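On a predicted model such as this, the values are computed, not experimentally measured, just so you know. By convention in this document, chain letters (A, B, ...) are assigned in the order of the sequence lines, proteins followed by strands, and residues within each chain are numbered from 1.
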Amino acid sequence: MVDLSVDLGGGHRLPNPLMTASGCAANGKELHRFFDVSDIGAFVTKSVMAEPRSGRGTPRMAETPSCMLNSIGLQGPGIEAFVDEDLPWLQSVGARVLPSIAGSSSTEYAHVAATLRASRSFDAVVGVEVNISCPNVANRGLVFACDPLASAKVIALVREQLPRDIPVFAKLSPDVTDITAIAAACVKAGADGLTMINTLLGMVIDTDRMRPQLGGVTGGLSGPGIRPVAVRAIWQVRQAMFEGRIPTVPIIGVGGVRTGRDALELVAAGASAIQVGTVVFNDPSAPVRVLRELCELLEAKGYDRFTDAVAVAHGR
Amino acid sequence: MVDLSVDLGGGHRLPNPLMTASGCAANGKELHRFFDVSDIGAFVTKSVMAEPRSGRGTPRMAETPSCMLNSIGLQGPGIEAFVDEDLPWLQSVGARVLPSIAGSSSTEYAHVAATLRASRSFDAVVGVEVNISCPNVANRGLVFACDPLASAKVIALVREQLPRDIPVFAKLSPDVTDITAIAAACVKAGADGLTMINTLLGMVIDTDRMRPQLGGVTGGLSGPGIRPVAVRAIWQVRQAMFEGRIPTVPIIGVGGVRTGRDALELVAAGASAIQVGTVVFNDPSAPVRVLRELCELLEAKGYDRFTDAVAVAHGR
Amino acid sequence: MRARVTQEVAEVIATRRVGAYQHITLVAPGVAELARPGQFVALGVGGESSGTLLRRSFSIHRVSPSGTYGGTVEIVVSAVGAGTRWIVERVPHDTIDVVGPLGKAFPLPTDPVACVLVGGGYGSAPLFWLAGELRERGCHVEMVLGAAREDRLFGVVEARRSCDGVTVTTDDGSAGQQGWVSDVLPDVIDRTKAAVVYGCGPMGMLEAITRVAQAHDAVAQVAVEESMACGVGVCMTCVMPVVGSDGRTRMVRSCVEGPVFRGDRVRWDAFDGGHARVPDDAVGAPKVGGH
Amino acid sequence: MRARVTQEVAEVIATRRVGAYQHITLVAPGVAELARPGQFVALGVGGESSGTLLRRSFSIHRVSPSGTYGGTVEIVVSAVGAGTRWIVERVPHDTIDVVGPLGKAFPLPTDPVACVLVGGGYGSAPLFWLAGELRERGCHVEMVLGAAREDRLFGVVEARRSCDGVTVTTDDGSAGQQGWVSDVLPDVIDRTKAAVVYGCGPMGMLEAITRVAQAHDAVAQVAVEESMACGVGVCMTCVMPVVGSDGRTRMVRSCVEGPVFRGDRVRWDAFDGGHARVPDDAVGAPKVGGH
Ligand SMILES: Cc1cc2nc3c(=O)[nH]c(=O)nc-3n(C[C@H](O)[C@H](O)[C@H](O)COP(=O)(O)OP(=O)(O)OC[C@H]3O[C@@H](n4cnc5c(N)ncnc54)[C@H](O)[C@@H]3O)c2cc1C
Ligand SMILES: Cc1cc2nc3c(=O)[nH]c(=O)nc-3n(C[C@H](O)[C@H](O)[C@H](O)COP(=O)(O)OP(=O)(O)OC[C@H]3O[C@@H](n4cnc5c(N)ncnc54)[C@H](O)[C@@H]3O)c2cc1C
Ligand SMILES: Cc1cc2nc3c(=O)[nH]c(=O)nc-3n(C[C@H](O)[C@H](O)[C@H](O)COP(=O)(O)O)c2cc1C
Ligand SMILES: Cc1cc2nc3c(=O)[nH]c(=O)nc-3n(C[C@H](O)[C@H](O)[C@H](O)COP(=O)(O)O)c2cc1C
Ligand code: FES
Ligand code: FES
């Protein structure tokens with residue numbers, strides 16, 4: 001049997017490296033009808049902000065070849081409802097939770113982190129993922145993740161609000177000229193790990209109506225089609241760690257994983273854990289299926305420990 | 001009958017807006033077995049550099065969902081052979097040619113442009129596309145297209161070498177934080193138009209061998225999966241032109257076009273001409289098929305002129 | 001507890017053309033056992049190398065919980081795009097991946113009141129099963145079927161068999177009365193003194209049904225059809241503005257809190273040409289100048 | 001002028017299992033009319049919503065320029081991945097998009113010399129047609145067929161019928177002699193005094209054939225199998241280092257300048273574990289410190 005366990009920081013040993021991806025699994029109840037959400041390494045919740053949010057108008061999605069485009073607009077109940085209802089439920093079923101937090105300003109991020117920390121079910125939390133792909137109201141809506149300084153500020157403030165044994169993961173956007181620069185800024189600011197990648201900025205025109213198909217005009221591109229971009233981003237950042245340009249921290253890989261083989265691709269490029277996002281819409285039990293497939297592949301290749309496969313493709 | 005003709009500058013009226021994409025059609029002879037290469041608006045040739053180049057080792061490609069990854073490494077005969085053999089052949093069959101030029105330094109670009117200009121078949125040239133997605137040896141291999149200054153320098157030097165009635169198109173990379181900044185720099189430096197987009201930087205791991213699948217490690221991602229990124233880039237740059245942040249110049253759209261509907265998407269977003277790249281590998285006569293489908297669609301929608309459909313999705 | 005759901009690889013055992021539609025029977029015992037009228041199934045499209053990631057949703061026309069092949073589920077498909085074309089091209093013994101049953105079923109009245117069931121195009125598909133359940137409870141059931149032309153009507157013969165009265169309309173008059181279902185609905189409600197109007201069909205029709213029902217003191221229960229990425233409640237793409245029991249509007253997921261909604265709860269004012277705005281008074285709506 | 005080529009939507013009229021392979025017959029009159037032994041066809045994979053963009057290449061096993069159904073093209077497919085799995089799952093009357101004939105055919109000797117045809121696995125597929133043409137020219141033709149195990153041999157019976165001698169090898173000894181084709185090849189060449197050795201199979205085998213042929217004063221003509229994105233000469237993915245008539249090495253496209261190459265022209269030294277380096281002495285090779 002392959003040892004699948006992995007420690008992403010703070011001494012929280014996860015039984016395996018498979019996770020849901022933020023915004024692709026809601027907050028647990030829905031997928032629990034298809035598989036036991038405590039069977040995967042960690043459950044990543046939908047990015048939550050301070051206040052309840054309606055999200056954007058519809059249509060909110062467009063299907064594209066091997067991908068989809070979404071503009072949900074971070075619809076959610078707000079952090080108060082999240083800690084009162086969603087987190088306790090996840091705790092009740094034994095899930096290890098990686099809440100994803102968001103904000104329109106660095107102080108909003110800090111407030112959300114502080115509220116989370118003060119909540120009664122905080123014990124279920126094994127880390128916090130910071131979704132920095134949000135428009136920064138203080139900077140004409142430029143997303144935090146496109147600017148190393150803005151990213152660093154958010155991470156530093158969030159880091160301050162949380163106990164040391166709760167690792168903070170900065171979730172990076174691929175829509176930048178040099179992702180290693182953003183990664184370096186986040187790690188320097190206190191990120192204990194990185195999640196890569198968020199969606200790519202894309203757009204679809206409805207050619208029947210000759211206007212943008214999404215209510216939000218542009219949207220986020222996700223799914224198997226973007227996997228090569230995720231692999232590249234993980235590879236580049238991991239390479240920068242090998243070269244000492246960024247301190248070595250764990251990377252959570254996400255982007256277009258459909259099968260165990262796909263997961264292994266991200267792992268070999270440098271990911272210590274894997275999230276399955278859009279593919280859940282195709283197969284609601286994809287996270288446990290991918291886990292099983294990954295495990296079988298590692299076994300067939302003679303690995304004793306999952307962690308031995310992390311980043312092996314470097315230097316070959 | 002829809003009037004498909006389009007003028008992209010220099011008074012060269014093209015009979016229609018369909019083109020091949022650089023590197024996806026070689027230099028004409030091969031596709032001429034499937035359709036008459038003078039039937040499309042213009043034939044875009046493989047990016048040519050000063051000297052003959054062997055390109056990279058193999059494997060040079062990996063198939064990915066609805067996409068492919070390539071690292072050819074600009075294999076080619078060099079500009080001398082190009083003007084001695086390829087360009088005269090294209091002229092002999094009546095093609096309108098948009099040569100794509102490349103270099104490792106701005107002076108190499110200028111040299112290639114000057115050689116082209118001095119060539120005996122220059123009459124067949126209706127414009128020059130400058131592939132600025134090349135590693136800049138003077139800047140540790142950072143590609144020109146990722147840096148507004150380096151891009152501007154190349155464009156300015158190339159512009160100087162060519163007669164005024166030959167429009168120069170800067171071909172932009174989507175792998176930047178703000179594509180409008182690069183577009184603005186290129187237009188300011190003298191670009192008469194923009195081609196968008198080149199491939200996205202991606203990577204595939206061969207999970208049998210647990211090493212990068214491509215000989216060149218990373219490669220360019222192309223095909224229908226990236227179309228939403230192309231539409232978004234065209235939209236953003238066209239929007240910046242509407243807002244007066246960039247002088248208005250024609251945009252040649254490229255990225256994931258498979259059908260007439262796809263072409264119309266790029267057109268509605270702001271493209272005045274369309275290139276078909278990777279899909280040629282699936283269907284060697286795709287450029288003429290897409291042209292036919294686009295024409296039928298425009299007709300069904302009641303357009304009299306192709307140019308009336310350009311950028312119509314803005315402000316709806 | 002949420003309703004139970006299953007995922008199974010279903011074999012196509014029958015498929016036949018009915019007017020403009022394809023009537024497909026799938027062996028899906030798990031779904032067949034759990035489903036109620038008004039629920040839907042989500043079908044995977046294409047095989048192993050499919051570039052079509054998202055499932056396609058279809059109302060359940062009928063289930064047969066057991067039989068020669070095990071439980072079956074029937075759907076009625078209109079081929080409008082690449083996904084539905086792939087589905088209607090399946091031949092017997094092909095398999096399709098099915099997730100279901102999904103969504104909330106039509107609520108049934110506790111008393112044996114009169115009901116009118118209104119179906120637009122293939123929207124009638126889930127109504128025959130509903131009609132049967134209502135009549136079992138002693139309800140008087142009439143049906144109104146409407147479509148653009150005759151070949152887009154579904155189930156007129158079955159309607160006559162399973163209901164107490166049937167009215168047909170077509171836009172072009174090629175069958176039944178020329179006009180819209182909303183033209184004939186007022187009379188049918190008045191005549192039958194219907195307490196509930198069930199509707200399934202395009203959004204514009206559902207809005208009209210709701211309006212007519214309200215004007216005639218009937219409750220409208222409508223099954224909507226929103227674009228859905230997941231169908232299981234995790235993606236938030238299928239939302240629409242609906243008024244809750246607390247009187248406040250929220251963007252609710254039509255895949256889990258619908259597809260059946262009380263017509264008077266839907267904020268029809270927010271819909272416009274395929275888009276739905278977030279009403280300004282919705283919970284968490286964007287405030288002027290950002291959130 | 002380049003060789004003529006066509007693109008057609010071909011109907012599958014027969015498909016049957018042969019050992020580990022699927023032998024498929026397609027109605028493709030245009031290809032059938034133009035093809036020569038050694039050329040290949042490129043097949044589209046998946047339907048309208050396929051996420052598989054690139055065609056898959058197959059040697060032409062045989063053509064019948066006319067017949068009940070019009071000209072047919074036969075191929076022999078080993079299902080190794082998603083694309084070939086899709087192809088072998090096609091049933092009669094399904095259609096497949098075919099481009100062909102592609103590439104250069106096996107060059108035929110002008111004199112009636114003895115020839116040895118060596119096929120590894122399905123690599124034997126194009127050799128029977130070649131054998132027929134050679135024998136028509138009066139050549140003595142022997143065949144060597146090798147594979148890992150018996151079920152991976154293709155065409156042993158047909159070889160016995162169409163050749164002057166057949167030697168079979170398998171790695172595990174499950175059929176013929178245990179060992180590799182290169183173990184038996186020296187004897188066959190010596191015995192027949194063959195002037196030409198034709199080979200089709202995995203790269204390692206082609207290199208061995210070339211080595212043996214050279215050592216025994218025969219010319220090797222080998223059909224290679226490189227990963228191809230377009231198959232028609234426009235993408236430059238299928239290149240390999242080959243020495244030209246001027247003695248200089250170039251990265252040449254195996255889809256148009258191959259797939260058949262003279263074995264002694266291929267730079268076998270550049271191949272290593274699925275990769276092929278650009279030899280330092282190749283035209284336009286990267287210089288130290290960049291180009
Ligand atoms: C709850 C529910 C029940 C439905 N019941 C039926 C039924 O019984 N019979 C039937 O024929 N159709 C039904 N539909 C509509 C059916 O799902 C769409 O026609 C189908 O998804 C179109 O897919 P396509 O690939 O052919 O079209 P495309 O236009 O190519 O699809 C592109 C994308 O848009 C979505 N989409 C397009 N049209 C619709 C639509 N009308 N509703 C929702 N999403 C859409 C697709 O799912 C896909 O994601 C139902 C939809 C829903 C949500
Ligand atoms: C000139 C030529 C002739 C061939 N003749 C035959 C034949 O007669 N019978 C037969 O069974 N196969 C033949 N092949 C190999 C066949 O093309 C591959 O097995 C097939 O492309 C694999 O596709 P896949 O989707 O099943 O595998 P995957 O591994 O999923 O394919 C992934 C990608 O790699 C490429 N690829 C994988 N294996 C090969 C390979 N061996 N050669 C080239 N590309 C590959 C595919 O084309 C695809 O682009 C031939 C290949 C070439 C180039
Ligand atoms: C519908 C949808 C909603 C998403 N919402 C969020 C979110 O709230 N926060 C976040 O960090 N990422 C969000 N993402 C991005 C995913 O978590 C993931 O990074 C991305 O989709 C790439 O992975 P995938 O290809 O596996 O989907 C969302 C993606 C989708 C498709
Ligand atoms: C095999 C291959 C080679 C390419 N070579 C070049 C090139 O030499 N110069 C260039 O500007 N773009 C090159 N491109 C990029 C294409 O011209 C095009 O911009 C990109 O592939 C996106 O379009 P597509 O999705 O239609 O292929 C190449 C693309 C491919 C797939
Ligand atoms: S379709 Fe995903 S939440 Fe409703
Ligand atoms: S496969 Fe494209 S050039 Fe040979």
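With contacts defined as side-chain heavy-atom distances shorter than 4.5 Å, the pair Val99(D)/Phe34(B) qualifies. Residues Val234(D) and Cys24(B) form no side-chain contact, since every pair of their non-hydrogen atoms from C-beta on lies 4.5 Å or further apart.
Closest approach of Pro59(B) and Gly274(D) over heavy atoms only: CD-O, 3.5 Å. Here the shortest heavy-atom pairing between Val278(D) and Gly55(B) reads CG2-O, 3.4 Å. Heavy-atom minimum distance, Cys230(D) versus Phe281(B): CB-CD2, 3.6 Å. Nearest approach of Gln7(D) to Ser285(B), heavy atoms of both residues: OE1-OG, 3.5 Å. The two residues Ser227(D) and Met61(B) have their closest heavy-atom pair at OG-CE, 3.1 Å. Scanning both residues, Val232(D) and Arg33(B), for their nearest heavy atoms gives O-NH2, 3.8 Å.
Within a 6.0 Å radius of CH2 in Trp180(D), no more than 12 heavy atoms belonging to other residues, nucleotides or ligands are found. Annotation for Asp94(D): atom CG counts as buried by contact number, over 12 foreign heavy atoms lying within 6.0 Å. Within 6.0 Å of atom CD in Glu293(B), more than 12 heavy atoms from other residues, nucleotides or ligands are found, so the atom counts as buried in its surroundings.
Under the 3.5 Å distance criterion, the side-chain polar atoms of Glu51(B) are left unmatched by any main-chain donor or acceptor of Gly284(D).
The greatest number of non-hydrogen atom pairs below 4.5 Å with chain D, out of Leu214(B), Val280(B), Asn282(B), Thr58(B), is found for Thr58(B). Chain B forms the most heavy-atom pairs under 4.5 Å with one residue out of Thr52(D), Thr249(D), Val283(D), Val239(D), and that residue is Val239(D). Interface summary for chain D: among Arg211(B), Arg56(B), His32(B), the most heavy-atom pairs under 4.5 angstrom belong to Arg211(B). Options Gly44(D), Gly83(D), Cys235(D) differ in how many heavy-atom pairs under 4.5 Å they form with chain B, and the most are formed by Cys235(D). Contact count versus chain B (heavy atoms, under 4.5 Å) is highest, among Met240(D), Met228(D), His275(D), for His275(D). Most heavy-atom pairs under 4.5 Å with chain B, from the set Ala282(D), Ala229(D), Ala42(D): that is Ala229(D). Across Gly78(B), Pro224(B), Ser66(B), the residue that shares the most heavy-atom pairs under 4.5 angstrom with chain D is Ser66(B).
Only the side chain of Arg209(B) has a heavy atom closer than 4.5 Å to any heavy atom of chain D.
Using a 4.0 Å cut-off between charged side-chain N and carboxylate O, Arg56(D) and Glu63(B) make a salt bridge.
In this structure, Thr237(D) OG1 and Asn70(B) CG are separated by 8.5 Å, a value rounded to the nearest 0.5 Å. Going from atom CG of Leu54(D) over to atom SG of Cys67(B) covers 10.0 Å, rounded to the nearest 0.5 Å.
Using non-hydrogen atoms only and a strict 4.5 Å limit, no part of residues 257-271 of chain D faces chain B.
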Residue pair Ser54(B), Arg250(D): steps toward the side chain to side chain contact (heavy atoms under 4.5 Å, CB included) verdict: CA-CA 7 Å; Ser54(B) 66; Arg250(D) 289 182 184 77; over 6 Å; no
Worked check of side chain to side chain contact (heavy atoms under 4.5 Å, CB included) between Arg60(B) and Met236(D): CA-CA 8 Å; Arg60(B) 287 180 173 186; Met236(D) 312 299 282; 3.9 Å; yes
